[in-house]
2 protein chains.
Amino acid sequence: MSEIKRPYCLFLGDAKLKTDAKIATAIVSFRPGDVVGSVKLADSKVSYEGVKELSIKEAALNGAKSFVIGCANLGGFIDEAWVPSILEAIENGMDIVSGMHMKLEDIPEINALSAKHGALLHNIRHTNYDLKPGTGKKRHGKRILAVGTDCSVGKMYTTLILEKAMKEKGYEADFRATGQTGILVTGEGIAVDAIVSDFISGAVEMISPDNKPDHYDIIEGQGSLFHPAYAGVSLGLLHGAQADYIVLCHEPNREYMRHLKAYDVPGIEETISLNIQLGSLTNKNIKCIGVSVNTSLMQEGEAQKYKQDLSAKLNLPVVDPCVDGVESLIDNL
Amino acid sequence: MSEIKRPYCLFLGDAKLKTDAKIATAIVSFRPGDVVGSVKLADSKVSYEGVKELSIKEAALNGAKSFVIGCANLGGFIDEAWVPSILEAIENGMDIVSGMHMKLEDIPEINALSAKHGALLHNIRHTNYDLKPGTGKKRHGKRILAVGTDCSVGKMYTTLILEKAMKEKGYEADFRATGQTGILVTGEGIAVDAIVSDFISGAVEMISPDNKPDHYDIIEGQGSLFHPAYAGVSLGLLHGAQADYIVLCHEPNREYMRHLKAYDVPGIEETISLNIQLGSLTNKNIKCIGVSVNTSLMQEGEAQKYKQDLSAKLNLPVVDPCVDGVESLIDNL
């Protein structure tokens, strides 16, 4: 994959909530220095503190090099309503970055205009790496993997916060992106849910290669071993990561598995235990260092009690990384 | 995928052993009536009883409609040495069928000549189905899945023999192909190791859809939950199949996991138990109906004793389907 040029102009489309623009939200949270400003359609309600709302022309004049589609939709397609903005960004000299399943060049106007202006089209869900099947071969260095009871329970946030905190404490540590948002935050990685299934564990081996003995790869997890649609991806990730340490991520207010009302969210102990059981195939020393919970939907007192009770029950640190930081997880390495 | 026309001319390339030509060998075993003859390069040593060795011209004159690359190589690429034969087959009016990772049209001469002659190029490892993530939703009808201690332990053979035997006994049963050889045998299916990883379980749901309550889908398995490279594919297959019944396939003479000397072959009981444990996510009633062993590398007496001892230990039928048939497995449904 050719380099994604910074800084970014974040395109929010018609996103009503920050969760509709999860790529933009993550970039603003973890790489605010890479952002020139945001551009949105008339019916969007989203704005970010400290991020200027600009026209495409203004963003270009302020030095934006890449126009990042920061919103998402269910089908992973490029919305017709977004196309005029994409074309205007190309005309203003920007490259385009998309995390959609559909490729930018499959839209004829975008394809033609990018050729005319020499703009690069980055489809970050489509990898250009030369992938191979996993080998299971032991690598040097340490690896931490975020695993979850479900999809979208905070694995990327947890690992990005871990990277930041570990670097501040003097560890050599690198976040390794396995999804499109993570790739945009760091500028590299492989979207493992978008590659050929034969190569899942091989791709994870590739993004977290042999390293110095005291270096930490902090690998973003995907899905859940208990999700009927995505467990295969989660297992390939676990095997490829050869995780020394896992952090279990959980969203306490979820009623059922994402998009699947017929499936209950599994228990936290059960999820830790299955990850340890299956992960030990490629690393016998796999260990859980703690639990990361997203308590944003709970009252403060309720959240405190929940974390204390869970911590006592599991005999493991339990934190909401956005509230408590991740110090206690790092202490448990 | 457009229909693959029959009958076939089987191309053996320079295969030295029948195992080098595993696609051709499987088609000859299970669909001999679809085969006009075989074509091979000068240095191949493979021939099949009852299959005429022909020139490409003779195969065409005998009515062959598709030229099937029946051999394989490690990298999954189309060997330069095969290209002249492929071109000659196109000139003689045949379509081309390849199970390689590399696409036929990526070789310019093949692409140009197929356009000129109106020949279809079938890349059966590349699916054209419109895939979706799995839903985990319960489907009607029964499903049998072959699982294994390792790759290449006889899952396809076991399921094809089961289909034949069940049909002979009056069951409504259909083999469902999940790999390129199986697809060529039946003319349809999805190579699950070659699709985008987000869709593994969804693809299996698609090839074994809702059916009559007493219909059996007999689903070809892939890989092993204990293989560090492919376990993710195996788990997605298990979840998508919602298997009511599993048959455990095993090759007793294997010393280590395929291509991975550092990994021991897991125990049979352990493998059955993990498949039941993980498979119960999408089907609580999952049950193992027996074990299929490939005893082709054992002496007859040794094989008999092995099967008897194993059967007594597991309290399950144990058969080599090519020697004993699969009656006892069917009796256990």
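Computed from a prediction, not measured in an experiment: that's the story for all the values here. Computed from heavy atoms alone, side chains included, the values below leave out hydrogens, waters and symmetry copies. Convention: sequence-line order gives letters A, B, ...; per-chain numbering from 1.
Using non-hydrogen atoms only and a strict 4.5 Å limit, no part of residues 138-146 of chain A faces chain B. Identified by a heavy-atom distance below 4.5 Å to chain A, the contributing residues of residues 226-248 of chain B are Phe226(B), His227(B), Pro228(B), Ala229(B), Tyr230(B), Ala231(B), Gly232(B), Val233(B), Leu235(B), Gly236(B), His239(B), in residue-number order. Interface residues of residues 190-199 of chain B toward chain A, defined by a heavy-atom distance below 4.5 Å and sorted by number: Val192(B), Asp193(B), Ala194(B), Ile195(B), Val196(B), Ser197(B), Asp198(B), Phe199(B).
With a 4.5 Å cut-off on non-hydrogen atoms, Arg258(B) does not touch chain A at all. Only the side chain of Gln277(B) comes within less than 4.5 Å of a heavy atom of chain A; its backbone N, CA, C and O stay farther away.
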side-chain contact (heavy atoms from CB on, under 4.5 Å) between Leu281(B) and Leu225(A), intermediate numbers included
CA-CA 10 Å; Leu281(B) 180 72; Leu225(A) 293 175; over 6 Å; no

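Atom NZ of Lys137(B) sits in a sparse spot, with 12 or fewer heavy atoms from other residues, nucleotides or ligands closer than 6.0 Å.
Nearest heavy-atom pair, Leu260(A) versus Thr135(B), reported as atom, atom and distance to 0.1 Å: CD2-O, 3.2 Å.
Every residue was checked against the salt bridge (Lys or Arg N to Asp or Glu O under 4.0 Å) condition with Glu105(B), not counting sequence neighbours, and none meets it.
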